[in-house]
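In what follows, a structure is listed as structure tokens, so that the remarks can point back to it.
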Amino acid sequence: MISNKELANLIFPNVKTTLEDLEKKYPNRTLPERAEVTRFAPSPTGFLHTGSLFTSMICHKLANQTNGVFYIRLEDTDSKREIEGSGEKLLNELKEFNIVPTEGYLGTHEIGDYGPYVQSKRADIYKVAIKHLISIGRAYPCFCSVEELDEIRKVQETNKMLPGYYGKFAKCRYLSNEEREAKIRNGDPFVIRFLSNGNHNNKIKAHDLIHGDISIAENDQDIVIYKSDGLPTYHFAHICDDHFMRTTTVIRGEEWISSLPIHIQLFDAMGWAAPRYAHVPVIMKIDENGNKRKLSKRKDPEAACSFFIDDGYPSEALSMYLMTIANSNFEEWIFANKFKDMNDFKFSFEKVSLDGALFDLVKLQFFAREILARKTKEEMLVLAEKYAKNHDKALESLISHDRNYFMDIINIERDSENPRKDYSHFGELVGAIGFFYHDIYKKELDISLFNPLIEKKVIANVLSECRKLDIDKPQNEWFDQMKQIAIKNGFAESNKVYKANKEAFIGHVGDVAEMLRIALTGRKNSPNLYFVMKVLGGLESTKRIDCVISLLK
RNA sequence: GGUCCCAUGGUCAAGAGGUUUAAGACGAGACCCUCUCAAGGUCUAAUCCCGGGUUCGAUUCCCGGUGGGAUCACCA
């Protein structure tokens, strides 16, 4: 007769550490009373997902506002899907959004007394816990092959039964320890399964910080907790790590609600108190067929945070936008605080919406414009340069051509109560301000833009007079000069005058301004002409005017 | 399909049985301002999924339906 303990020793002969040892090694944290210990636990399988940024933002905020701890744990138990270097990349991306952990895996190194913070380096810890579970009879080795498992599933499907490894389908559950020993000694491959004592027809009550009380069917699946590669599955790693790292609140996506019964059962079997849980809504998107679905890593570019960074959106814009989804009262708060700094906002679980929001790029752009409009020209230079260096060679060469000139351009109508809100991201900058640069202006210039109802001769005359416009004069005097040019060439000095007696005029001063605008900028829309001319300078302005006059002839 | 979650305008949402002719924001439209654009100002349109119950009264509470989503791996 082989005891469970002997079986455990047979499977893990080298594991001498006990749970008590681990409890001592990772003691309860000494923190202020209501301090929250939260974590972001990404798996290194690619880029930072927008949904992950969303949850990590909440984790980070909650820990900060309670003087707690926010740490990062790398969940790399799936070696097949791991992408080399993505763990470090993830950390860098988080940093872009001002999420800097004080503990845990930091990309190149780790900080903290509760490590290692990379799951693949915690194999020994999991083994201790699993060995314990085997020795108390709550886990057992399973020798079923993939084929056998498929077979079981097929039978269940055809009989319309619940799929999975449970009850009478959990064949290896009924093996005697002698049979187990024989198979192990024979070298048969195996995994370790948790022995569930649950009944699918029982409902368990669980509390969620966002959803409140929820009732779910008890878990009756003998889930795999230890894979044949020697690493635990997510479920087991989660309970082990969050216990020994002393997490107080687990914040994760709503897609995890359905595995909550497993986790509760696992905590219970280990004799550990479960942390609090908060399941945040998933961010959705409407697909080509008009269906709502979770933002997809593969199909949706906006599922990657890098998408916004690559386009040059200010990172605060995404953070703010996501916070409006997280807490419905945030928007009001940030308006009242003039978009300054969201760090002082108090996040609360009560204000988290229960259903997933559709990702709204237009609203994100609104935030981005507000944020960029509030930057000084110097800040804009820094941001633009940083962006250009990594993502936009064309912009980089424009800026480096003359940094002060760039600041002058970007500063047009910026220094005011109500600054311009032209840009939501730096990716659109070259298209928006390119005309200030001679080469691009030349390329874009198109004289067919001129009003065909006005004779070319008249246009040329007007433009020729515009050479004399004095940009050293104040704006109102400058505009008076323009009115004089208008009058002299048969245009009304204002739209009002023109409307009163249309026959008497070719057009009005607005038409004159349009001619000058086209000549100067090569387009029909631009910021205030006076400022455009000021930035271009007298020399470049007359050069452009002359160029257009000669083209008109 | 089973299980769970969710349901107010196009989107994000306030709302906690009666002072709601249902906030606010983004977006849309209109007008004003105006050298165009952006900004700014003023205004407008647009929502309680359906059916039962409870109640004097239901957007609000309960039940059922419908709809949407999530999840059912040796992936996390």
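By convention in this document, chain letters (A, B, ...) are assigned in the order of the sequence lines, proteins followed by strands, and residues within each chain are numbered from 1. This one's a predicted model, so the numbers in the text were calculated from it and none came from an experiment.
- Pairing of B:C61, defined by two Watson-Crick or G-U wobble distances under 3.5 Å, is identified with B:G53.
- Residue-to-nucleotide contacts include a donor-acceptor pair under 3.5 Å from the side chain of A:Arg420 to the base of B:C37.
- A 4.5 Å side-chain heavy-atom check between A:Phe367 and A:Leu322 finds every atom pair outside the cut-off.
- Side-chain N/O atoms of A:Lys227 include one lying less than 4.0 angstrom from OP1 or OP2 on B:A76.
- Ring geometry for A:Phe366 versus A:Phe335: interplanar angle over 60°, hence perpendicular rather than tilted (30 to 60°).
- Checking B:G24, B:A14, B:C35 against every side-chain atom of A:Glu331, the shortest atom distance belongs to B:G24.
- Side-chain N/O atoms of A:Ser353 include one lying less than 4.0 angstrom from OP1 or OP2 on B:A13.
- Proximity note for A:Arg153 (side chain, C-beta onward) versus B:A25, B:C35, B:A73: the nearest is B:A73.
- Of the side-chain N and O atoms in A:Lys80, none sit less than 4.0 angstrom from OP1 or OP2 of B:C74.
- Within 4.0 Å (heavy atoms only), A:Glu370 reaches no atom of the nucleic acid at all.
- Between A:His235 and A:Trp256, the angle of the ring planes goes over 60°, which puts this pair in the perpendicular group of the 30/60° scheme.
- Counting any heavy atom pair closer than 4.0 Å across all strands shown, A:Ile223 reaches no nucleic acid atom.
- Between B:A38, B:U3, B:C12, one nucleotide has an atom nearer to the side chain of A:Ile216 than all others, and that is B:U3.
- In a base pair of the Watson-Crick type (N1 to N3 plus N6-O4 or O6-N4) or a G-U wobble (N1-O2 and O6-N3), with each distance short of 3.5 Å, B:G1 is matched with B:C72.
- Of the candidates B:A70, B:C12, B:G2, B:A70 carries the atom nearest the A:Glu255 side chain, counting heavy atoms from C-beta on.
- B:G18 and B:C61 have their P atoms separated by 12 Å, with the value rounded to a whole Å.
- For A:Lys421, the side-chain atoms get nearest to B:A39 when compared with the rest of B:A39, B:G2, B:C74.
- Pair check for B:A30 finds B:U42; Watson-Crick or G-U wobble, both atom distances under 3.5 Å.
- A:Asn525 comes within 4.0 angstrom of a nucleotide base, judged by non-hydrogen atoms across all strands.
- Checking the phosphate oxygens (OP1, OP2) of B:A13, no side-chain nitrogen or oxygen of A:Lys363 falls inside 4.0 Å.
- As judged by a 4.0 angstrom heavy-atom cut-off over every strand, A:Met284 is placed among residues touching the sugar-phosphate backbone only.
- You'll find the side chain of A:Ile454 stays beyond 4.5 Å of the side chain of A:Val462, heavy atoms only.
- A:Ser259 comes within 4.0 angstrom of no nucleic acid atom, judged by non-hydrogen atoms across all strands.
- Between the CD atom of A:Glu254 and the C1' atom of B:A7 there is a distance of 13 Å, rounded to whole Å.
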### Message
What verdict does the side chain to side chain donor-acceptor pair (under 3.5 Å) test give for A:Arg517 and A:Ser526, after you've listed the backbone C-alpha separation in whole Å, the side-chain angles of each residue and the deciding distance to 0.1 Å?
### Response
CA-CA 7 Å; A:Arg517 172 166 285 111; A:Ser526 82; 2.9 Å; yes

